[in-house]
Structure formats: structure tokens, C-alpha cells
Amino acid sequence: MALESPGKTREADAIVERTVRRLYGRRQEDGHFEENAAALVTYLVESGIHDEDELVELARIAHGKRYDPSNGSFL
């Protein structure tokens, strides 16, 4: 397995953080929505999607539901 460079990991983390902040900002949402969105965005970034507008749109479509990558369903 190839190791990711620390810079790449930090960049991915920053993308996830900015995307979740764009989704929820300072609103007090259910913490699970934010956690689920962060997990989905992390999965998408690791899959090669880095466009923040696309990530925000995809996370909004999921509407805070938990994504299961093993079968592609939202719970």
C-alpha cells in the first residue's frame, strides 16, 4: 500500500473542513448530520473528487444521512 504524503493528507483534511463549514457554518445542527457529512466528504475526497462545489452539492443531496460505501446506500 502506498503511503500518502503528509501534505496531501492536510490538503484533504482542509477540503473536508471547508466543505462541512460551507454546509453547516455556525448553525447548531444535529451533530450526527455534521459527522455523516464529514465522513461522506472524506470518502469522496479519497475517491478523487476535490472540487468543493461538487462536494457541497453531493453532501447536500445526502442531507446528513450516513453513507455506507460497502453497498452504496444512505442510512
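Given the structure is predicted, the values throughout are model-derived calculations rather than measurements.
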Note to self: Restricting to salt bridge (charged side-chain N to carboxylate O under 4.0 Å, His left out), what partner residues turn up for E17, sequence neighbours left out?
What the structure shows: R21
Margin query: For the OH atom of Y24 and the CZ atom of F33, what is their distance to the nearest 0.5 Å?
Written below: 6.5 Å
Next item on the list: With rounding to the nearest 0.5 Å, note down the distance linking CD in E52 to OG1 in T19.
Entry: 4.5 Å
Next item on the list: Give a yes or no on whether a salt bridge exists between D13 and R18, defined as a side-chain N under 4.0 angstrom from a carboxylate O.
Entry: no
Checklist line | Atom pair OG1/CD1 of T42 and I15 - distance to nearest 0.5 Å | finding: 10.5 Å
Enumerate, atom names and distances included, each donor-acceptor pair closer than 3.5 Å involving a side-chain atom of residues 55-65, sequence neighbours excluded.
none

Item checked: Partners meeting side-chain hydrogen bond (donor to acceptor under 3.5 Å, both in side chains) with S73 (sequence neighbours left out) -> N71
Note to self: Distance check, rounded to the nearest 0.5 Å: L40 atom CG versus R66 atom CZ?
What the structure shows: 12.0 Å
Margin query: Measuring from atom CZ of F74 to atom CG of D68, what distance do you get when rounded to the nearest 0.5 angstrom?
Written below: 10.0 Å
Next item on the list: Work out which heavy atom in A37 is nearest to a heavy atom in V20; give both atom names and the distance.
Entry: C-CG2, 4.3 Å
